[in-house]
Amino acid sequence: MSENSSPPSEIPASSRILLDQVTKRYPGQSKPAVDGITLEIPAGKMVMLVGPSGCGKTTTLKMINRLIEPTEGRIMLGDEDVTNIDGDQLRRRMGYVIQAGGLFPHMSVAANIAIVPKMLGWSKDRIQTRVDELLELVSLEPDQYRDRFPRELSGGQQQRVGVARALAADPPVLLMDEPFGAVDPITRQRLQDELIRIQEEVQKTIVFVTHDFDEAVKLGDWIVIFSEGAHIVQYDTPERILNAPANSFVEDFIGAGAGLKQLTLNRVRDVELAPAITGSPGEKAADVLSRIKEAGHGHAVILDAHKRPLSWLSRRQLSRLDVIPATQDHNLPAVIEGSTLSDALDTMLVSSAGAALVTGRRKAFVGVITVEVVMEAITRSRKASSLANGDSPVGTNTGSIGVQGGTE
């Protein structure tokens with residue numbers, strides 16, 4: 001370990017990452033896979049690496065935790081040069097998520113999550129507490145999933161466990177390599193929403209490789225667009241990339257429908273939510289029905305003890321009940337505060353409802369979003385003529401510029 005390094009217990013919640021003139025050459029290849037990249041990733045932000053297949057984005061990611069050793073250059077985690085420390089020790093300080101979660105099939109969910117804390121010498125009680133805490137964070141009930149094996153989980157559930165495992169030792173950095181690429185579109189949207197919600201709580205430094213530009217726009221605080229050799233063509237916010245692409249390469253990469261992609265920049269949290277009449281399991285249905293009639297509403301949201309939505313009952317449904325059941329409706333039209341308005345609209349259309357429930361921290365109910373509010377917000381967004389400017393982190397290659405819309 002270098003003289004200035006800190007033990008894992010003293011690592012901050014998130015850390016800045018700096019790749020300084022980093023190059024990777026493979027024997028027998030005339031061109032480097034990564035060619036003199038300098039890239040600053042701000043602490044606590046999610047930075048998306050995108051570009052054509054074979055452009056070096058995964059190689060760049062894997063050099064950060066030294067699964068691939070750089071040929072030249074240095075990599076800084078905070079103020080520490082990680083190229084000077086043991087690779088195994090470094091990887092215990094960085095979460096790593098790949099497609100399908102990468103879970104060990106012979107180990108239970110709890111054992112998979114506990115791998116790094118166990119290596120770090122945590123006590124059994126501390127590990128058990130952490131496992132349960134993380135399962136709740138990724139919306140898997142601990143009592144139900146703790147002792148299951150990966151083969152007993154769906155693809156989306158495996159991916160959630162993979163994220164929990166990556167966060168187990170509370171690392172400052174989370175590296176994600178096409179983590180949602182192997183699941184169906186609906187599950188992918190839900191996992192993206194979960195990641196947004198989790199990041200709002202944990203505020204990690206996240207580096208995320210994806211081939212899907214729409215995913216990059218939805219998730220990223222910043223986006224790095226690479227060309228061959230991991231040359232940075234543009235490193236900017238999603239808003240500025242969509243509104244001011246650096247050159248024709250970026251325009252082609254964004255593709256058609258840039259205007260529609262703007263819809264992913266608007267979030268549910270940015271619009272006014274409607275209130276709702278709520279009820280609880282065990283309550284008399286007649287009492288709930290009386291409240292919604294008095295308020296002029298058509299439905300009541302039934303919440304559990306943690307204020308999480310269980311069902312959304314209409315007047316007709318309530319009139320047929322004596323007591324409110326504790327039954328969970330798994331097809332509720334629900335989105336999180338961090339969801340895009342595009343996703344909220346999709347949720348409403350798929351459910352044939354003119355509204356959707358909105359949940360916040362730990363999936364607690366916060367209000368209702370209506371289709372009218374979404375359409376108004378979309379109209380306002382499309383009329384907007386300018387976006388606010390801000391400071392940019394640094395991203396360049398030797399002999400090229402990749403900052404705030406620069407060109408190679």
Side-chain angles (χ1 to χ4, degrees), residues 7-9 11 13-14 58 61-68 82 85-184 186-188 190-195 197-199 201-202 204-210 330 362-363:
S9 60
I11 297 173
S14 62
T58 293
L61 181 85
K62 290 184 176 180
M63 284 194 292
I64 294 174
N65 68 357
R66 288 176 47 212
L67 281 172
I68 294 177
V82 302
I85 70 173
D86 178 75
D88 289 337
Q89 182 188 30
L90 173 66
R91 285 184 282 277
R92 292 173 191 173
R93 294 166 51 180
M94 293 186 180
Y96 186 52
V97 186
I98 60 176
Q99 279 192 22
L103 304 179
F104 294 108
H106 63 288
M107 298 171 66
S108 69
V109 164
N112 266 284
I113 296 173
I115 288 173
V116 173
K118 192 173 181 180
M119 288 179 177
L120 295 175
W122 290 21
S123 68
K124 288 184 178 180
D125 288 346
R126 185 183 178 192
I127 290 174
Q128 182 176 336
T129 298
R130 183 62 173 162
V131 166
D132 288 356
E133 179 183 274
L134 287 167
L135 285 173
E136 290 179 355
L137 182 68
V138 299
S139 301
L140 295 173
E141 291 292 338
D143 290 342
Q144 187 176 353
Y145 291 97
R146 188 188 300 121
D147 299 321
R148 290 191 182 183
F149 287 84
R151 65 179 178 274
E152 300 174 291
L153 306 177
S154 68
Q157 289 167 345
Q158 289 183 33
Q159 205 62 51
R160 289 168 192 253
V161 175
V163 172
R165 183 176 66 180
L167 292 169
D170 201 21
V173 171
L174 191 62
L175 306 179
M176 309 187 79
D177 190 5
E178 298 272 12
F180 308 146
V183 296
D184 63 87
I186 292 176
T187 302
R188 186 185 185 102
R190 291 173 179 168
L191 289 170
Q192 291 168 346
D193 287 347
E194 282 294 316
L195 181 60
R197 182 185 61 80
I198 290 168
Q199 175 66 348
E201 292 196 33
V202 300
K204 298 298 179 184
T205 304
I206 300 178
V207 188
F208 189 121
V209 168
T210 180
H330 295 288
R362 300 300 168 98
K363 294 203 168 182

Novice: If you look at every heavy atom in Glu136 and Arg362, which pair is closest and at what distance?
Specialist: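 Nearest heavy atoms, Glu136 then Arg362: OE1-NH1, 4.1 Å.
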Novice: Once you round to the nearest 0.5 Å, how far does CD1 of Ile98 lie from CG of Leu175?
Specialist: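 So the CD1 of Ile98 and the CG of Leu175 are separated by 12.0 Å.
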Novice: State whether the side chain of Arg130 and the backbone N or O of Ala168 hold a donor-acceptor pair below 3.5 Å, judged by distance alone.
Specialist: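 Side chain of Arg130 to backbone of Ala168, a donor-acceptor pair under 3.5 Å: yes, one is there.
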Novice: Do Leu61 and Tyr96 have side-chain heavy atoms sitting under 4.5 Å apart?
Specialist: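 Side chain of Leu61 against side chain of Tyr96, heavy atoms only: contact under 4.5 Å found.
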Novice: To the nearest 0.5 Å, how far apart are CD1 in Ile127 and CD1 in Ile115?
Specialist: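 Between atom CD1 of Ile127 and atom CD1 of Ile115 there are 11.0 Å.
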Novice: Taking all non-hydrogen atoms of both residues into account, name the closest pair between Gln157 and Tyr145 and its distance.
Specialist: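 Looks like NE2-OH, 3.0 Å.
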Novice: Could I get the full list of side chain to side chain contact (heavy atoms under 4.5 Å, CB included) partners for Gln99, not counting sequence neighbours?
Specialist: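 Once residues adjacent in sequence are excluded, the partners of Gln99 under the side chain to side chain contact (heavy atoms under 4.5 Å, CB included) criterion are Glu178, Ala182.
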Novice: Measure across Val97 and Val163 and return the closest heavy-atom pair with its distance rounded to 0.1 Å.
Specialist: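 Taking Val97 first and Val163 second, the nearest heavy atoms are CG2-CA, 4.2 Å.
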Novice: Got Asp132 and Arg146 here, is their nearest side-chain heavy-atom distance under 4.5 Å?
Specialist: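 Yes - at least one pair of side-chain heavy atoms lies under 4.5 Å apart.
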Novice: Considering all heavy atoms of both residues, which atom of Leu174 and which atom of Ala166 are nearest to each other, and what is their separation?
Specialist: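 Reported closest heavy-atom pair: CD1-CB, 3.3 Å.
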Novice: Would the distance check show the side chain of Asn112 and the main-chain N or O of Phe104 forming a donor-acceptor pair, the cut-off being under 3.5 Å?
Specialist: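 Judged by distance alone, yes, a pair lies under 3.5 Å.
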Novice: Using every non-hydrogen atom in the two residues, find where Pro105 and Pro150 come nearest and quote the distance to one decimal.
Specialist: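 That closest heavy-atom pairing would be O-CD, 3.7 Å.
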Novice: Given side chains that start at C-beta, do those of Ile198 and Val138 come closer than 4.5 Å, heavy atoms only?
Specialist: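 They are in side-chain contact.
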Novice: At what distance, to the nearest 0.5 angstrom, does CE of Met94 lie from NZ of Lys204?
Specialist: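 Atom-to-atom, Met94:CE and Lys204:NZ are 12.5 Å apart.
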Novice: Heavy-atom distance under 4.5 Å between the side chains of Met119 and Asp88, does that happen here?
Specialist: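 No, every pair of side-chain atoms sits at 4.5 Å or beyond.
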Novice: Is the backbone of Leu137 close enough, under 3.5 Å, to the side chain of Arg197 for a donor and an acceptor to pair up by distance?
Specialist: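 Pair found, side chain donor or acceptor close to backbone of Leu137.
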Novice: Using a strict threshold of under 4.0 Å (side-chain N to carboxylate O), is an ion pair present between Lys363 and Glu194?
Specialist: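 Between Lys363 and Glu194 there is a salt bridge, with a charged N closer than 4.0 Å to a carboxylate O.
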Novice: For residues Asp177 and Lys62, determine if any side-chain heavy atom of one lies less than 4.5 Å from a side-chain heavy atom of the other.
Specialist: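 Side chain of Asp177 against side chain of Lys62, heavy atoms only: contact under 4.5 Å found.
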Novice: Examine distances only and state if a side-chain atom of Arg92 and a backbone atom of Ala169 form a donor-acceptor pair shorter than 3.5 Å.
Specialist: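 Side chain of Arg92 to backbone of Ala169: no pair is present.
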Novice: Between Arg93 and Ile85, does a side-chain contact (heavy atoms from CB on, under 4.5 Å) hold up when you go through it step by step?
Specialist: CA-CA 12 Å; Arg93 294 166 51 180; Ile85 70 173; 3.8 Å; yes
Novice: Answer whether the closest heavy-atom distance between the side chains of Phe180 and Gln159 falls below 4.5 Å.
Specialist: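 The answer is yes; the side chains approach within 4.5 Å.
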Novice: Search all heavy atoms of Pro142 against all heavy atoms of Leu135 and return the closest pair with its distance.
Specialist: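 For Pro142 and Leu135, the tightest heavy-atom pair comes out as CA-CD1, 3.8 Å.
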Novice: In plain terms, say whether Asp193 and Arg190 are close enough for a salt bridge, that is, a side-chain N and a carboxylate O under 4.0 Å apart.
Specialist: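 Judged by the 4.0 Å cut-off on N to carboxylate O distance, Asp193 and Arg190 do not form a salt bridge.
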Novice: Any sub-3.5 Å donor-acceptor pair from Arg91's side-chain atoms to Arg66's backbone N or O?
Specialist: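 Pair found, side chain donor or acceptor close to backbone of Arg66.
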Novice: Any side-chain heavy atom of Leu140 within less than 4.5 Å of one from Leu153?
Specialist: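 No, side chains not in contact.
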Novice: Nearest 0.5 Å, what's the CE-OG1 distance between Met63 and Thr58?
Specialist: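 Result: 11.0 Å between the selected atoms.
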Novice: Is the backbone N or O of Pro117 less than 3.5 Å from a side-chain atom of Arg126, with the two atoms forming a donor-acceptor pair by type?
Specialist: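 Not a single qualifying donor-acceptor pair exists.
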Novice: How long is the gap from CD1 on Ile186 to CG on Leu191, to the nearest 0.5 Å?
Specialist: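 If I round to the nearest 0.5 Å, the distance is 12.0 Å.
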Novice: Quick one: are Val109 and Glu152 in side-chain contact, heavy atoms under 4.5 Å?
Specialist: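 Counting from C-beta outward, Val109 and Glu152 never come under 4.5 Å.
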